Amino acid sequence: MGANSNILAIGSNFAMIIASTKKTKWGGHAMFKLKQTLFAAACAFTVSSGSVAWSAPVTDADIVNDGKTTEDVVSNGIGTQGQHYSPLDKINAGNVAKLVPTWAFSLGSEKMRGQETQPLVRDGVIYFTGSYSRVFAIDARTGSKKWEYDARLPDDILPCCDVISRGAALYDNLVIYGTLDAKLIALDRDTGKVVWKKDLEDYTAGYTYSAAPMIVKGKVITGIAGGEFGGIGRVEARDAKTGELIWTRPTVEGHMGTLNGKDNGITGVTNATWPGDLWKTGGAATWNIGTYDPETNLIFFGTGNPAPWNSHMRPGDNLYSSSTVAIDPDTGKIVWHYQTTPHDGWDYDGVNELISFDLNKDGKVIKAGAKADRNGFFFVLDRTNGKFISATPFVSKITWASGFDATGRPKYNPESRPGAPSATGEKGPTVTVAPSFLGGKNWMPMAYSPETKLFYVPSNEWSMDIWNEPVTFKRGAAYLGAGFTIKPLYDDYIGALRAIDPTNGKIVWEYKNSAPLWGGVLATKNLVFTGTPEGYLKAFNAKTGAELWKFNTGSGIVGVPITWEMDGEQYIAIVSGWGGAVPLWGGEVAKKIKDISQGAMLWVFKLPKS
Ligand code: CA
Ligand code: CA
C-alpha cells in the first residue's frame with residue numbers, strides 16, 4: 001500500500017510535524033514533492049483522438065439559465081446560484097433502485113488521489129478536471145476519450161490539501177480551469193489545445209489554485225488559495241475570451257484593488273480591524289468556488305481564516321476573513337459582507353458557498369442566501385444587503401460559541417479559545433473544541449431543492465485538540481502558529497447528510513455515515529444523491545431521507561454528482577477517487593479510513609431500457 005501508508009503516517013503525525021518550529025513547511029509537502037518528481041518529466045501535453053466536431057458556443061444566457069436547461073450542465077452548481085438542483089424526474093423514487101452503470105472511464109496513469117470535481121456536459125461531451133491539474137473531454141454516449149490535457153506541474157508546488165482540482169468553467173468554445181501552480185488556462189473545447197494561459201500568482205510563495213472558475217457576464221471569476229502561508233486572498237475578473245485582467249479585489253482590509261489597470265480603492269479601512277502590520281500577511285484566502293446571483297447582480301465569495309491561526313497576535317475582527325463578501329461583478333467593489341467567525345482562532349474558514357434561494361417567512365418572500373459554515377452554524381442572510389436572519393447549529397456539538405445574537409454576532413465561549421504561547425516561547429494550553437478545523441462542513445457543496453424547500457448539507461461530527469505556539473512569517477512556509485489533532489465525536493459515525501428547513505433551522509431528516517462525508521450533493525425533483533468515502537454513490541428520497549439505491553464505485557467518492565438528459569434518457573455522473581484533506585490531516589480519524597483504496601474513475605448511470 002506504499003503511498004497510502006505514507007499519507008496516513010503524515011496525517012497522524014501532523015500535529016507533531018507542525019508543532020516543530022524547525023520544520024516550517026507543510027507536513028504534506030515532502031510527500032507531494034516525491035510524487036511530483038515521478039511526473040514532472042513530461043511537458044504539458046494534449047492527446048486527441050477521433051474526429052473533431054464543431055461545438056455550439058456556450059453563452060452567458062446558457063450559464064444563467066443552466067438550472068432550467070436539463071440537456072446540459074455548463075456551470076458548477078448547475079446554475080450560478082449554486083443550488084445543485086435539477087428538475088429532472090425520469091429517474092425518481094419509484095425506479096431509482098434499477099439504476100445501473102452505462103459506462104465508466106479511468107483517468108489512467110499513476111495519478112490517482114482525490115477527485116473533488118464536478119463534471120460539465122455540453123453537446124454530448126463531458127468535460128471534467130482530474131487530480132494533478134488534468135482536464136478530460138469524454139464522449140457522453142460511449143465513454144471514449146476525445147482529448148486529455150495534462151498541465152506540467154513543477155516539483156515544488158505547495159498544495160495544503162491534496163493534488164485536487166474542483167472543476168472547470170465552460171464559455172464560448174473554451175474550457176477554463178486553474179492549476180496547482182496557480183495558472184489559469186483556457187483550452188479549445190473541441191481539440192484541447194491551449195488558447196490562452198495566465199499566471200494567477202507565484203506558487204513558490206505558497207499560492208495555489210484548485211477551485212472551479214466561474215463565468216459572470218463574459219468574465220471568468222477566480223479566487224486564490226494560500227492563506228495557510230500568509231498569502232492574501234482576492235477575487236479577480238478576467239475577460240473570459242482573452243484572459244486579460246479586468247478587476248481584482250483583495251479580501252483583507254488595507255490592500256488596494258484595481259479596475260482596468262488602475263487603482264480602485266483600498267479594501268475596507270486600513271488598521272480598522274487589524275492593528276499593526278499583520279494584515280499584510282493576513283490570509284482570508286478565497287480558495288473555494290463562489291456563486292453569482294443574477295437577481296441582485298452580486299458575486300458571493302467566501303474567505304478563509306485570518307493568518308496566522310494564533311488569534312492572540314491579531315486583536316480585532318480581522319476583516320474580511322472568515323466571511324462572505326458580496327462583490328459587484330462590473331466594478332469589483334465589495335457591496336456588503338457578513339463575517340461568520342469574527343476574530344477566528346480555530347481555522348474556521350468561511351469559504352463555504354452562499355446559495356441563493358427564496359425564503360418564505362412571515363407571509364413574505366425574502367431574497368435570501370444560505371451557508372453551512374465550517375464553524376457548525378447554518379446561516380440565512382438577506383442576500384440583497386447581507387443582513388443577518390438566522391444562525392442555527394447543523395452539527396450536534398459546537399463549543400466555540402453558544403449561538404448568535406440578534407445582530408449576527410457570535411456569543412463566544414472564552415474557554416474554547418486556545419491560549420497564547422508563553423513569553424518564553426512555550427506552546428499555550430491545549431483546549432478541546434468542536435467542530436474541528438475541518439469543519440461542520442468543508443468545501444463540498446450542499447444542494448437546495450425549490451421543490452422540497454430543503455437544503456441538503458454534507459456535514460461531519462468531530463472535535464479537535466488545538467494549541468497556539470510562536471510563529472513568524474517566512475515566505476513560502478506554513479504560517480499557523482498552532483498545532484492540533486482531530487478526533488471523532490462518536491464511534492458509529494462521523495459523516496451526516498442532513499436535510500435542513502431554512503425557515504427554522506430544523507433538521508428534517510439525516511443519513512449517518514461511518515467515514516467523514518467529503519463529496520458534494522445533487523438534488524433532483526424527488527431524489528438526493530451523494531457519495532461516501534466507502535465508495536458508494538447513494539440516492540435518497542428527498543422528502544423522507546429513505547435510502548433507495550447505492551452503487552460501489554471501487555474507491556472513495558469526494559466528487560460532486562450531476563444529472564442531465566440526452567436522447568430522451570436521464571443520466572447521472574460522478575467522478576470517484578479517494579483523497580483530499582481527510583487522509584492528510586484527519587488525526588485520529590485515520591483509523592476510520594485506512595482501508596479505503598485509491599482510484600480515479602468517471603462513472604455514468606442510467607435506467608435500463610425497458
Ligand atoms: Ca443546463
Ligand atoms: Ca484555513
Side-chain angles (χ1 to χ4, degrees), residues 14 18 26 28 56 58-88 118-127 140 158-161 169-171 206-208 210-211 215 223-233 251-252 281-288 302-311 318 321-323 340-341 344-352 373-375 435-439 441-443 464 466 478-482 484 486 522 524 562-566 570-571 573 580-581 584-585:
F14 174 59
I18 225 71
W26 282 101
V58 175
T59 65
D60 288 298
D62 291 339
I63 289 165
V64 167
N65 296 322
D66 193 18
K68 297 181 195 95
T69 53
T70 53
E71 75 287 356
D72 64 14
V73 176
V74 295
S75 61
N76 264 269
I78 317 183
T80 59
Q81 290 182 323
Q83 293 185 345
H84 291 265
Y85 174 79
S86 168
L88 284 172
Q118 183 215 289
L120 303 166
V121 190
R122 174 77 169 190
D123 301 330
V125 180
I126 299 177
Y127 303 92
L158 295 164
C160 77
C161 305
L170 297 182
Y171 191 69
Y207 288 100
T208 185
S210 52
I215 303 293
I224 196 79
E228 260 61 55
F229 296 85
I232 299 297
T251 50
V252 177
T281 51
T286 44
W287 57 262
N288 210 355
T303 63
N305 62 286
W309 287 19
N310 177 359
S311 62
N318 311 135
S321 65
S322 299
S323 300
T340 43
T341 312
D344 166 64
W346 308 271
D347 190 33
Y348 291 150
D349 292 39
V351 295
N352 291 284
D373 200 275
R374 244 159 86 159
N375 70 21
S436 82
F437 74 94
L438 287 179
K441 172 179 168 295
N442 203 284
W443 79 278
M464 64 179 166
I466 183 169
Y479 184 50
L480 303 189
F484 47 81
I486 290 186
L522 164 71
T524 65
I562 59 159
T563 189
W564 74 100
E565 194 172 16
M566 187 167 65
Q570 185 184 351
Y571 288 77
L584 293 172
W585 314 126

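Just so you know, ligand 1 is whichever comes first in the structure, and atom 1 is the first atom listed for that ligand. Note that the coordinates shown come from a computational prediction; the quantities given were computed from them, not determined experimentally.
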Under 3.0 Å from the Ca ion (ligand 1), is there an N/O/S atom belonging to [X]?
X     : answer
Asp62 : no
Asp72 : yes
Thr70 : no

Within rounding of 10°, what is the angle whose vertex is the Ca ion (ligand 2) and whose arms end at OD1 of Asp347 and OD1 of Asp349? 70°
How wide is the angle at the Ca ion (ligand 2) between OE1 of Glu228 and OD1 of Asn305, to the nearest 10°?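 If I round to 10°, I get 100°.
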Give a yes or no answer on whether the side chain of [X] reaches the backbone of [Y] with a donor-acceptor pair at less than 3.5 Å.
X      : Y      : answer
Asp66  : Ile63  : no
Tyr348 : Pro435 : yes
Glu228 : Asn305 : no

With the Ca ion (ligand 1) as the apex, the O/OD1 angle for Thr69 and Asp66 - to 10°: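 O of Thr69, the Ca ion (ligand 1) and OD1 of Asp66 span an angle of about 160°.
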Full working for ring-ring contact (aromatic ring centres under 6.0 Å, His included) between Trp585 and Phe437: CA-CA 10 Å; Trp585 314 126; Phe437 74 94; 7.8 Å; no
Quickly, which of Thr340, Leu438, Asn352 forms a side-chain contact (heavy atoms from CB on, under 4.5 Å) with Arg374? Name it, please.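 The passing option is Asn352.
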